[in-house]
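Please read these numbers as outputs of a predicted model, since none were measured by experiment. Counting starts at 1 for both ligands and their atoms, in listed order. Excluded from the calculations below are hydrogen atoms, water molecules and symmetry mates; all remaining heavy atoms, backbone and side chain alike, are included.
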Amino acid sequence: MALAPPFPPEVLATRRALVLRRMAEIAPGSSVAVFPATPVAVRNHDVDHPYRADSDLFWLTGFEEPEAVAVLATGEKPFTLFVRPRDPEKETWTGRRSGVEGAKKAFGADAAFTVDALDKELPELVAGKGTLFYRLGAVDPAFDARIARILQGLRMRARAGAAAPARIEDPGQIVHELRLRKRPEELIALRKAVEITRRAHLAAMQTGRPGSHEYEVQAALEREFRGGGGRGWGYYPIVAAGPNATVLHYNENSDPVREGDLVLVDAGGEVDLYTADVTRTFPAGGRFSEAQRAAYELVLGAADEAIAQTRPGATIDELHEGAVRHLTTGMVKLGLLEGDVDKLIKDGAFRHYYMHRTSHWLGLDVHDAGNYRDERGGPRKLEPGMVFTVEPGLYIAPDDEKAPEKLRGIGIRIEDDILVTDGGHENLTAAIPRTVAEVERSARR
Ligand SMILES: [Mn+2]
């Protein structure tokens, strides 16, 4: 477990100062915000899942140890961190802990307590504040119950002068808005994640030849994610050969790769908890068939069109509509749909072969935090610093008798990570082979 944050302390202090400023704007008067850690998840018996910190807590503190609680409050000592106690015996088994000293020295806490002091100290931090910022129903139901107990306890002590906050607000409206616009240090981490992801997809294209198995491709990916210095994957990889690629979230990754298959790989590496999210689809034998190539070029064209539209002021809805129009036009040409393109779009006929959205925010979470709507409920305008995916696809079930036979069982998705810049956009994942020529070269047998 890291005994220091992966970002400079002043960077994290700036983030907390921004949050405190927004708290004061939303809730004039005194307020306090509480951010609990993700609970440890049991895998089986006495084996836990590898621990992954909550993204909000990590964004605010850089602190990754389980059981932590961060508190931001108006007043004298704005940043309090509750941490597991130092314990030489336990640390021998499970690794070094920061303890209260480390919380203050390395993580910049103004005050720090061990977690066993939560019942005593957390009510004191909440008492008398006008507003409590706490995201109910998000991270840990047991902690939700703790917050309820604290509020109840303060109300019971009303006659003794204690006061429970009159308002409860969601801190997500503050933290998620800030997470949406990536800062320079976040883009550095993302670019590192993209680089190990580039190497991973190249390795996948070289590994996934006829006679191999999906799991060997997965192993090649994971070797690059971890071997490249990342934490591993940011979400469980999808390796889908042949018709498996028409199952959107297939991740058994257990089947053989056969001659003539397309192999769809949706996988991204994680660096400092920022993840890339990239999908590539390549021919196992190194050459697209004519039908595969036509389908691939269609999806690629939709991706290029959506990416080309990306600039400040554009919306994700517009990009999606552009991709849908391009795909629907191509579906008619390929013989998948029949009729007037406008009507096919209006009726949603394209959903038979393209059933998901084109984009989602990307960052600490693969489906990152941040509203997709503006305050008036309309599609929000893109701004410099936002990062999102563009991932059109085409999925033709193997038993789809309405589809031309040579297209049945083809599943294609091409997914890139796009940064909005002042002048337009940057495709962060452009260096990962994506044109027909690039993919065939990388998958050469
Ligand atoms: Mn995605």
Side-chain angles (χ1 to χ4, degrees), residues 52 55 176 179-180 182 186-187 189-191 193-198 200-201 204 217-218 221-222 225 230-240 244-251 253 262-271 273-282 296 299-300 302-307 309-310 315-324 326-327 351 353-372 382 386-395 411-420 425-434:
R52 168 40 162 91
S55 295
H176 296 173
R179 281 175 52 190
L180 192 49
K182 270 61 179 177
E186 299 182 279
L187 290 173
L190 257 174
R191 286 179 197 280
V194 163
E195 173 54 19
I196 60 172
T197 300
R198 184 186 69 81
H201 277 274
V217 176
Q218 181 182 346
L221 293 164
E222 294 188 284
F225 291 155
R231 301 288 179 96
W233 40 255
Y235 58 97
Y236 197 83
I238 294 170
V239 181
N244 290 342
T246 65
V247 179
L248 293 185
H249 287 167
Y250 173 86
N251 62 9
N253 305 347
L262 290 180
V263 184
L264 184 154
V265 174
D266 185 346
E270 189 181 70
V271 171
L273 272 57
Y274 287 81
T275 188
D277 182 7
V278 175
T279 308
R280 291 293 184 261
T281 308
F282 61 90
Y296 188 91
V299 177
L300 186 65
D304 285 344
E305 185 157 319
I307 293 168
Q309 287 180 51
T310 302
T315 70
I316 274 180
D317 282 12
E318 288 164 9
L319 308 191
H320 178 64
E321 285 157 21
V324 162
H326 189 100
L327 286 169
R351 285 200 195 95
Y353 299 110
Y354 179 48
M355 53 295 276
H356 57 78
R357 302 283 301 177
T358 305
S359 300
H360 57 77
W361 306 128
L362 180 70
L364 285 170
D365 296 324
V366 63
H367 298 153
D368 207 30
N371 278 333
Y372 289 87
L382 295 172
M386 293 177 172
V387 177
F388 63 97
T389 63
V390 168
E391 49 176 313
L394 188 68
Y395 312 93
I412 293 166
R413 181 163 61 255
I414 303 170
E415 177 174 30
D416 286 283
D417 302 344
I418 311 299
L419 166 67
V420 185
H425 63 268
E426 178 187 346
N427 181 352
L428 298 173
T429 49
I432 305 177
R434 61 195 291 285

Residues at least two apart in sequence or cross-chain that pass ring-ring contact (aromatic ring centres under 6.0 Å, His included) with Tyr354, listed by chain then number, are His356
Partners meeting ring-ring contact (aromatic ring centres under 6.0 Å, His included) with His425 (sequence neighbours left out): none
Listing request: all salt bridge (Lys or Arg N to Asp or Glu O under 4.0 Å) pairs with a residue in residues 353-364, at least two apart in sequence or in separate chains. Asp317-Arg357
Side-chain donor-acceptor pair under 3.5 Å between Tyr236 and Asn251, yes or no? no
Do we see a donor-acceptor contact under 3.5 Å between the side chains of Asp417 and Thr429? no
Distance filter under 2.8 Å, centred on the Mn ion (ligand 1) - protein N, O or S atoms that pass it: Asp277 OD2, His360 NE2, Glu391 OE2, Glu415 OE2
How far does CH2 of Trp361 sit from CE of Met386, to the nearest 0.5 angstrom? 4.5 Å
